[in-house]
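Written out below as structure tokens is the structure these notes cover.
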Amino acid sequence: MTTGAPGRPRIGLSTSSVYPESTAHAFAYAAAVGYEAVEVMVGIDALSQQVDAVRQLSEHHELPISAIHAPCLLFTQRVWGVEPWGKLERSAAMARAVGAEVVVVHPPFRWQKEYARDFVNGIAALEESSGIAFAVENMYPWRASRRRMEMYLPGWDPSEEPYANTTIDLSHAAIAQSDPVAMAERLGPRLRHVHLTDGTDSAKDEHLVPGRGTIGADAFLHHLAAGGFAGEVVLEINTRRCTTREEREADLRASLEFAVEHLAVVPVVPAGDGG
């Protein structure tokens, strides 16, 4: 179990939250704003692909690394080669080297048929061989007009498969029109990792500052707090529209403050005990 302040999970920042700024900038923002850890998105920023550079950033800013996000997005398909299992093995190796216990991974795209064929068993085998938790993330059907296209195999909802470790992303839940609290209840102790963000009924993956969407990020955090969630909470928001450093930092600060406020456990006073 990792903890932040007494009584709540550790709150980290995903390096993707400052894109198009760099991984190095993400660590600097996290330290300045007061985050307790960093999740490194391995992506097109060359620094994010280098174990020594990531370790040095962690040590310089005195911020632990909570997770490595494997390069499995559409625009990172060629990062660390094109063989998906090799990418996951490298992600696990980076996680071990920098002290992270979790690798976040998306389910395969439908066109990755060979990779998808034994994905569930392959993830379990990787966890066994590496000692790293591979937290499979919820995705969503792609929406075009009124059509919903299933683009992931074995599926976008990790609660439907026997993964030992999973991630819930609130923006993805919004696109899928899926209740994240209900998903968390289905997952139970298999929920290891959270991408805290927000979304609306849009077909776009919005990654809003939590509280600025309609998915119920506050209620979701209350559910985690009440259940004693022992995993990591990582802010993964989109700040691409910010035009200044001050504006980006304000969004990062608002996100952290939201997390701290709503992860606080409010004691329930039994009936008749009030003053």
Side-chain angles (χ1 to χ4, degrees), residues 14 16 19 39-45 48-49 67-96 100 102-178 180 182-184 186-187 190-195 199 202-207 236:
S14 168
S16 66
Y19 181 84
E39 175 180 317
V40 175
M41 170 75 80
V42 179
I44 56 177
D45 174 12
S48 71
Q49 305 170 28
I68 300 298
H69 195 309
C72 47
L73 306 179
L74 273 175
F75 68 90
T76 61
Q77 287 294 289
R78 296 189 176 276
V79 172
W80 284 353
V82 296
E83 203 285 304
W85 290 114
K87 291 171 180 277
L88 298 192
E89 289 168 357
R90 288 189 67 170
S91 297
M94 176 180 272
R96 284 195 303 271
V102 174
V103 168
V104 178
V105 60
H106 294 181
F109 293 108
R110 293 190 72 87
W111 57 82
Q112 297 176 298
K113 293 182 180 179
E114 186 174 341
Y115 175 42
R117 187 173 298 121
D118 202 35
F119 183 71
V120 176
N121 292 332
I123 288 294
L126 264 180
E127 290 187 316
E128 178 70 23
S129 64
S130 69
I132 298 295
F134 278 78
V136 181
E137 187 169 353
N138 65 310
M139 297 305 290
Y140 46 85
W142 290 10
R143 289 158 54 187
S145 185
R146 296 184 179 180
R147 297 179 57 203
R148 291 165 64 96
M149 298 176 287
E150 299 293 337
M151 300 304 294
Y152 299 94
L153 283 176
W156 61 265
D157 182 350
S159 71
E160 296 181 351
E161 304 296 336
Y163 303 119
N165 297 283
T166 60
T167 299
I168 287 182
D169 180 299
L170 296 189
S171 180
H172 297 172
I175 302 174
Q177 300 171 319
S178 174
M183 183 179 289
R186 294 194 299 273
L187 288 168
R190 297 190 297 134
L191 178 59
R192 176 65 179 270
H193 203 73
V194 167
H195 282 164
S202 171
K204 297 179 180 179
D205 193 8
E206 298 171 293
H207 282 274
E236 190 182 77

[X] [atom1] to [Y] [atom2] distance, which is reported to the nearest 0.5 Å:
X: Met41; Y: Ile68; atom1: CE; atom2: CD1; result: 11.0 Å
X: Lys113; Y: Leu153; atom1: NZ; atom2: CG; result: 8.5 Å
X: Asp118; Y: Ile123; atom1: CG; atom2: CD1; result: 10.0 Å
X: Glu137; Y: Cys72; atom1: CD; atom2: SG; result: 7.5 Å
X: Arg78; Y: Ile44; atom1: CZ; atom2: CD1; result: 14.5 Å
X: Ser178; Y: His172; atom1: OG; atom2: NE2; result: 12.5 Å

Might you point out which heavy atoms bring [X] and [Y] nearest each other, and give the distance in Å?
X: Ala70; Y: Val103; value: CB-CG1, 4.2 Å
X: Phe134; Y: Leu88; value: CZ-O, 3.6 Å
X: Pro154; Y: Val120; value: CG-CG2, 4.0 Å
X: Pro141; Y: Ile175; value: O-CG2, 4.0 Å
X: Ile132; Y: Ala92; value: CG1-O, 4.0 Å

- Looking just at side-chain N and O atoms, do Glu236 and His69 make a donor-acceptor pair shorter than 3.5 Å?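 The answer is no; no qualifying pair exists.
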
Measuring only between side-chain heavy atoms, which start at C-beta, is [X] closer than 4.5 Å to [Y]?
X: Val136; Y: Glu161; result: no
X: His193; Y: Asn165; result: no
X: Pro107; Y: Trp156; result: no
X: Arg117; Y: Glu114; result: yes
X: Tyr163; Y: Phe119; result: yes
X: Asp169; Y: His207; result: yes
X: Thr166; Y: Met183; result: no
X: Tyr140; Y: Asp205; result: yes

[X] side chain to [Y] main-chain N or O, any donor-acceptor pair under 3.5 Å?
X: Asn138; Y: Pro158; result: no
X: Gln112; Y: Tyr115; result: no
X: Ser171; Y: Gly199; result: no
X: Gln177; Y: Ala173; result: no
X: Thr76; Y: Gly43; result: no
X: Thr167; Y: Ala135; result: yes
X: Lys87; Y: Val82; result: no

- Task: Verify the neighbour count for atom CD of Glu128: are there more than 12 heavy atoms of other residues, nucleotides or ligands below 6.0 Å?
- Result: no

- Query: Using the ring of each side chain (for Trp, its six-membered ring), is Phe109 parallel, tilted or perpendicular to Trp111, with breaks at 30° and 60°?
  - Reply: parallel

- Task: For Arg90 and Val42, run side chain to side chain contact (heavy atoms under 4.5 Å, CB included): C-alpha distance rounded to whole Å, both residues' side-chain angles, the deciding distance at 0.1 Å, then the answer.
- Result: CA-CA 10 Å; Arg90 288 189 67 170; Val42 179; over 6 Å; no

